[in-house]
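Notes to accompany the following structure.
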Amino acid sequence: MTEHRPDVAPPTPDTLARAGALLRDGALVAFPTETVYGLGADATDDRAVAAIFAAKGRPHFNPLIVHVSDLAAAERLAVFDERARTLGEHAWPGPLTLVLPRRPDSGLSLLVSAGLDTVAVRVPGHPVAQALLRAAGRPVAAPSANRSGSVSPTTPMHVVDSLGDRVRLVLAGGRCPVGVESTVLDLSGPAAVLLRPGAVLREDVERLIGPVSVGAGNAEAPTAPGQLASHYAPRAAVRLEATGADPDEALLTFGPDGFVRGGAVRLNLSPDGSLDEAAANLFAHLRALDRPGIRAIAVVPIPDTGLGLAINDRLRRAAAPRP
Ligand code: AMP
Ligand code: MG
């Protein structure tokens with residue numbers, strides 16, 4: 001069988017128009033967002049959405065995030081109460097996903113909700129994502145553009161390495177500036193629940209809508225490691241809270257690291273100790289250290305504040321026992 005490589009194209013007006021037409025035609029298009037690269041499909045088309053699950057090897061019970069270009073478009077898909085509207089007005093476009101009751105007349109494929117009566121919606125801020133959503137003219141379902149369970153892509157080449165010919169077109173928009181997936185906030189019930197930490201912090205949300213609780217299995221609520229679903233995992237094992245590394249390990253550090261010894265190879269997430277820089281580098285560094293002959297990636301402790309909460313959430317899942 002010959003291996004087809006996907007088209008990798010910069011986001012010119014022509015390629016954006018072509019990407020929009022491909023989406024309307026039921027094809028899969030990968031595109032940059034401020035968080036990670038997304039694998040997009042027309043969210044109103046059952047077959048296109050099914051193709052996302054097939055391309056990723058994603059279990060059908062794991063629902064998808066639907067992306068739209070603005071709050072008005074989001075309100076046509078889901079029921080917004082005052083909390084949701086406040087957040088939509090203040091945090092969008094941006095790396096915040098809201099889980100809301102699905103409107104019966106949303107027109108969305110039932111597959112995006114994986115059988116739930118809620119839908120996760122987001123208005124991304126990346127200019128290429130915005131241009132693509134306008135070119136498509138419909139809601140776009142988009143999980144991260146990688147095989148299910150593995151490390152999320154933050155560059156176009158990561159997408160090609162992970163999905164190969166399973167995607168028709170990759171819009172190449174450089175490195176993703178945030179680098180970890182969106183904050184997911186469940187507002188479908190009376191209490192606001194943080195389902196996944198991201199760059200929009202719990203305290204940012206609480207300033208706008210009041211108390212937010214932390215969902216079960218979330219890294220902000222310590223649970224037994226066995227309860228954590230394995231996700232974001234490189235091929236090599238991941239060992240956390242490292243103070244040094246063995247000769248067959250790679251070392252991933254943060255901040256000044258002259259005193260941390262060992263490792264066949266090493267990378268620093270942010271020599272200056274910036275959590276923003278560390279998040280942007282996290283997935284690319286995990287991929288770069290995941291080399292033949294490396295048994296495990298040893299990771300030094302990362303501060304558990306601000307964006308560090310999202311980084312540690314991803315690292316704990318990367319280190320969780322594999323299925
Ligand atoms: P990903 O597409 O890999 O970025 O993951 C999307 C995240 O949003 C996953 O953690 C999903 O479980 C979550 N999610 C999407 N839709 C819903 C929903 N309707 N209810 C609860 N969580 C959702
Ligand atoms: Mg993902």
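Whatever order the structure lists ligands and atoms in, that order sets their numbers, starting from 1. Bear in mind the structure is a predicted one, so any value in this text is a computation, not a measurement.
For the side-chain contact (heavy atoms from CB on, under 4.5 Å) with Val180, the qualifying choice from Val36, Thr35, Leu307, Thr154 is Leu307, the only one to do so.
Regarding atom 9 (C) of ligand 1, its nearest protein heavy-atom neighbour is Asn62 OD1, 3.8 Å. The protein atom (non-hydrogen) at minimum distance from atom 3 (O) of ligand 1 is Arg58 NH1, 3.2 Å. The closest protein non-hydrogen atom to atom 4 (O) of ligand 1 is Arg196 NH1, 3.0 Å. Regarding atom 17 (C) of ligand 1, its nearest protein heavy-atom neighbour is Pro63 CG, 3.3 Å. Of the protein's non-hydrogen atoms, the one nearest atom 20 (N) of ligand 1 is Val99 CG1, 3.5 Å. Of the protein's non-hydrogen atoms, Leu195 CD1, 3.8 Å is the one closest to atom 22 (N) of ligand 1.
Remark: Arg85 does not engage Asp81 in a salt bridge, criterion side-chain N to carboxylate O under 4.0 Å. With respect to the salt-bridge test (charged N to carboxylate O, under 4.0 angstrom), the residues Arg24 and Asp45 do not qualify. Between Arg207 and Asp204 a salt bridge is recorded (basic side-chain N to carboxylate O distance below 4.0 Å).
At a heavy-atom distance under 4.0 Å, no atom of His231 approaches ligand 1. Under 4.0 angstrom from ligand 1, there are no non-hydrogen atoms of Thr97. Contact annotation: for Ile65 versus ligand 1, heavy atoms closer than 4.0 Å belong to the side chain alone. Contacts between Leu116 and ligand 1, counted as non-hydrogen atom pairs separated by less than 4.0 Å, involve the side chain only.
Ring-plane geometry between Tyr232 and Phe283 is classed as parallel, the angle between the planes falling under 30 degrees on a 0 to 90 degree scale with a further cut at 60. Between His67 and Phe31, the ring planes are perpendicular. Angles over 60° get that label, and only those under 30° would be called parallel.
There is no protein heavy atom closer than 4.0 angstrom to atom 13 (C) of ligand 1.
Ligand 1 has no nitrogen or oxygen under 3.5 angstrom from a nitrogen or oxygen of Glu181. At under 3.5 Å, a nitrogen or oxygen of Thr118, whether backbone or side chain, sits near a nitrogen or oxygen of ligand 1.
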For this session: In sequence, state the C-alpha distance, the side-chain angles, and the governing distance for Thr243 and Val260, and then conclude on side-chain contact (heavy atoms from CB on, under 4.5 Å).
Result: CA-CA 6 Å; Thr243 51; Val260 191; over 6 Å; no
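At least one N/O/S atom of Ser144, from backbone or side chain, sits under 2.8 Å from the Mg ion (ligand 2).
Other residues, nucleotides and ligands contribute over 12 non-hydrogen atoms within 6.0 Å of the CZ atom of Arg295.
Distances shorter than 4.0 angstrom do not occur between any heavy atom of Arg102 and any atom of ligand 1.
Donor-acceptor pairing under 3.5 Å is lacking for the side chains of Ser144 and Glu181. In summary, the side chains of Thr44 and Asp42 do present a donor paired with an acceptor at a separation below 3.5 Å, with no hydrogens or angles considered. For the residue pair Arg196 / Ser182, a side-chain donor-acceptor distance below 3.5 Å is found, with atom types taken as modelled.
Heavy-atom proximity to Pro143, at under 4.0 Å, picks out these atoms of ligand 1: 2 (O). Numbered from 1 in the order shown, with element, the atoms of ligand 1 that lie under 4.0 Å from a heavy atom of Ala120 read 15 (C), 16 (N), 17 (C).
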